[in-house]
Engineer: 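Next up is a structure, given as structure tokens.
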There are 2 protein chains.
Amino acid sequence: MTQHQPFRLTQDCGDCPIRHRAVCARCEPDELARLEEIKYYRTFEAGQTLIWAGDRMDFVASVVTGVATLTQTMEDGRTQMVGLLLPSDFVGRPGRERAPYNVIAATDVLMCCFRRKPFEELMRLTPHISQRLLEMTLDELDAAREWMLLLGRKTAREKIASLIAIVARRDQALRLRAPSGRTVIDLPLTREAMADYLGLTLETVSRQISALKRDGVIELQGMRSIVIPDFRALQDEAGDDADGGFLA
Amino acid sequence: MTQHQPFRLTQDCGDCPIRHRAVCARCEPDELARLEEIKYYRTFEAGQTLIWAGDRMDFVASVVTGVATLTQTMEDGRTQMVGLLLPSDFVGRPGRERAPYNVIAATDVLMCCFRRKPFEELMRLTPHISQRLLEMTLDELDAAREWMLLLGRKTAREKIASLIAIVARRDQALRLRAPSGRTVIDLPLTREAMADYLGLTLETVSRQISALKRDGVIELQGMRSIVIPDFRALQDEAGDDADGGFLA
DNA sequence: TGCCGGCCTTGATCTGCGTCAAGGCGACGG
DNA sequence: CCGTCGCCTTGACGCAGATCAAGGCCGGCA
């Protein structure tokens, strides 16, 4: 809907907002033109549910700005976050009618959407799009498995440290800074959302953040901004071996 | 290496052992012939580590018979299973040199392998192979996310029930039986392996299995065989809503 | 300016699961 | 036939994190 403006996105997106890593990294001009035709923008407010699990999804999309979460819920209300969507992440899947998870905006979100049917058509015509999508999906799968180790085997303190480290790495990957030295990240999640990410309660999250602050591993600026004086120290707390992730 | 023998595999594999769902579902005869050239079989014994995390992987493969697991380990020995490979499952990824996880044979395993480089080449030439692989990877991602809900939010009892239900569903999908009524499944995992799957200890696994048996939800035949008198009851214990999974 | 609502922190207590420890069962080899 | 070894079960106890409860901070709004 919105006309496309010249904002920067991520390194490999260049100036055109649809050049996000999801789809266009290797597109030819005519392919980009075709994508252009089926693309539109949507904005969502913080807290809004973009998509309910089970709903029809007639588009695929990628996040331009903001943060959204994928969550699953049990009948009794227990909920678990199963994906964290940061700028340049892709959501939705070609070939599937219905959304398997709730997608919820954690902050105000701008999405770049493509109508699903024509997108699928385009995929058939341009194999490198599905190859790119395969690579991305494999990366997501790796991230999900890293996360499974976190959920199954890490202590509360390690979980918090891991979450901060993961977001910091992603953040830095986007800005192409090295993940060392003093770092400031923006963590736009409520304590409850973090708890849902980590399989904890919000009280435990709060306590462990306080503990990490007390121990000098992190510092807080306001409510949502975290300073990491020493990234190595944080990684040690996270219990990750070596570089601890495949997100670069 | 081995010459290809006429054993049955799974429904969609037909009689040719390389027609597993991973690669060949839509292959033309000439494509099959090319696959045939780069394919070989390997067997592994129960307990053997097929691949160490970080090792070079010069093949991709799919499981013909037996069960294998993907596991991650922390330096201090805590381990978490992140994938369960049953017959027809695919392992390895085109485009990545090194294996991200340990792959361990839970039972004796027969794998159908393809040399990686020529396989990648073949993928470039036949787009439907990468499309098929994308579908499979998306399914795996869904399964991983289901599993994250299990790890993060379910109780020990629910975890055990879920594991049994998942394996039963997979088992039945392969044999195309309906998942209702009295069912017998073979669960070829030690208590310790189950614990690593579920983020528990082996003692807790043992206790919860005993409890489910005491409560009539399951019955045991020998050590590794489980009878499910009422699948609905099991699903209720697992805390899954409705059909509780995307594995059909 | 003061009230209200959302979000966060902290304390007290409870409990599910982990930890430690002892022993049982079945397979296999001598 | 018995000893050994791998795997499983069961019990006693402790603790990390959940639960319940009270109150603090801050921004929006009348």
Side-chain angles (χ1 to χ4, degrees), chain A residues 45-48 74 76-80 104-107 150-164 186-215 218-226 237 239, chain B residues 45-48 74 76-80 104-108 150-163 186-215 218-226 237 239:
Chain A
E45 286 175 22
Q48 201 179 347
M74 299 172 67
D76 61 7
R78 282 178 281 177
T79 87
Q80 174 66 50
I104 302 173
T107 63
L150 178 153
L151 288 170
R153 295 301 184 194
K154 290 190 177 178
T155 64
R157 170 182 263 246
E158 288 169 335
K159 285 177 175 180
I160 296 286
S162 298
L163 170 59
I164 297 172
D186 201 61
L187 219 190
L189 299 177
T190 64
R191 299 289 183 259
E192 187 177 22
M194 293 186 224
D196 286 343
Y197 187 116
L198 302 169
L200 298 170
T201 59
L202 66 94
E203 294 95 331
T204 300
V205 169
S206 180
R207 273 187 255 271
Q208 296 299 335
I209 288 179
S210 299
L212 287 173
K213 189 173 61 175
R214 174 165 30 73
D215 299 345
I218 59 172
E219 295 158 29
L220 299 188
Q221 284 180 348
M223 204 78 287
R224 297 287 166 81
S225 192
I226 296 180
E237 291 290 347
Chain B
E45 286 176 22
Q48 202 179 345
M74 299 173 67
D76 61 8
R78 282 177 281 176
T79 87
Q80 175 66 50
I104 301 173
T107 63
D108 290 349
L150 178 154
L151 288 169
R153 295 302 184 193
K154 290 191 178 179
T155 64
R157 168 181 265 244
E158 287 169 336
K159 286 177 175 181
I160 296 286
S162 298
L163 170 59
D186 200 60
L187 219 190
L189 300 176
T190 65
R191 299 289 183 258
E192 188 176 21
M194 292 185 225
D196 287 342
Y197 187 115
L198 302 170
L200 298 170
T201 59
L202 67 91
E203 293 95 331
T204 300
V205 169
S206 181
R207 271 187 257 271
Q208 296 300 333
I209 288 179
S210 299
L212 286 174
K213 190 173 60 174
R214 175 167 29 74
D215 299 344
I218 59 173
E219 294 159 29
L220 301 187
Q221 284 182 348
M223 203 80 285
R224 297 285 166 82
S225 193
I226 296 180
E237 291 291 346

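Below, chains carry the letters A, B, ... as their sequence lines are ordered, and counting in each starts from 1. Keep in mind that the numbers below use all heavy atoms, side chains included, and drop hydrogens, waters and symmetry copies.
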Engineer: Atom CD of B:Q221 to atom C1' of C:dG26: distance rounded to whole Å?
Structural biologist: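 The answer, rounded to whole Å, is 17 Å.
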Engineer: Give, ordered by number, those residues of residues 201-208 of chain B having at least one heavy-atom distance below 4.0 Å to an atom of DNA chain D; if nothing qualifies, reply none.
Structural biologist: B:L202, B:E203, B:S206, B:R207
Engineer: Taking the side chain from A:D186 and the backbone from A:P188, do they hold a donor-acceptor pair closer than 3.5 Å?
Structural biologist: no
Engineer: Can you find a heavy atom in the side chain of A:M74 that is under 4.5 Å from one in the side chain of B:K154?
Structural biologist: yes
Engineer: Keeping A:Q48 on the side-chain end and A:I104 on the backbone end, is there a donor-acceptor pair under 3.5 Å?
Structural biologist: no
Engineer: Would you say that B:R224 contacts B:L187 through its side chain, given a criterion of any heavy-atom pair below 4.5 Å between the two side chains?
Structural biologist: no
Engineer: Under a 4.5 Å cut-off applied to non-hydrogen side-chain atoms, are B:I209 and B:L220 in contact?
Structural biologist: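 Yes - at least one pair of side-chain heavy atoms lies under 4.5 Å apart.
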Engineer: Round to the nearest Å and state the distance from B:R157 atom CZ to C:dG16 atom C1'.
Structural biologist: 14 Å
Engineer: Can you tell me the distance, in whole Å, between the NZ atom of B:K154 and the P atom of C:dC17?
Structural biologist: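 In whole Å, C:dC17 P and B:K154 NZ are 14 Å from each other.
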Engineer: Base, sugar-phosphate alone, or nothing: which one does A:R224 contact when heavy atoms must sit under 4.0 Å apart?
Structural biologist: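 Sugar-phosphate, no base atom in range.
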Engineer: What is the distance, rounded to the nearest whole Å, between atom NZ of A:K213 and atom P of C:dC8?
Structural biologist: 13 Å
Engineer: Is there side-chain contact between A:Q80 and A:L151, with heavy atoms separated by less than 4.5 Å?
Structural biologist: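 Yes - at least one pair of side-chain heavy atoms lies under 4.5 Å apart.
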Engineer: Heavy atoms, side chains only, cut-off 4.5 Å: are B:R153 and A:D196 in contact?
Structural biologist: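 They are in contact (side-chain heavy atoms under 4.5 Å apart), so the answer is yes.
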Engineer: Shoot me the first and last contacting nucleotide of DNA chain D against chain B, ordered 5' to 3', at under 4.0 angstrom to non-hydrogen atoms.
Structural biologist: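 It runs D:dC7 to D:dA12.
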Engineer: For the helix from C:dT1-D:dA30 to C:dG30-D:dC1, what angle lies between the axis at the first five pairs and the axis at the last five pairs, to 10 degrees?
Structural biologist: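 Rounded to the nearest 10 degrees, the bend comes out at 20°.
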Engineer: Just checking A:G47: base, sugar-phosphate only, or nothing, at a heavy-atom cut-off of under 4.0 Å?
Structural biologist: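 No contact at all - A:G47 keeps every heavy atom at 4.0 Å or more from the nucleic acid.
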Engineer: Donor-acceptor check, side chain of A:S206 to backbone of A:L202, threshold 3.5 angstrom: yes or no?
Structural biologist: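 Flag not set: sc A:S206 to bb A:L202 has no pair under 3.5 Å.
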Engineer: Measuring only between side-chain heavy atoms, which start at C-beta, is B:R157 closer than 4.5 Å to B:D215?
Structural biologist: yes
Engineer: Tell me, do B:E158 and B:L150 make a side-chain contact under 4.5 Å, heavy atoms counted?
Structural biologist: no
Engineer: Specify the separation, in whole Å, of atom CG of A:L151 and atom P of C:dC17.
Structural biologist: 15 Å
Engineer: Are any of the side-chain heavy atoms of B:R191 and B:M223 separated by less than 4.5 Å?
Structural biologist: yes
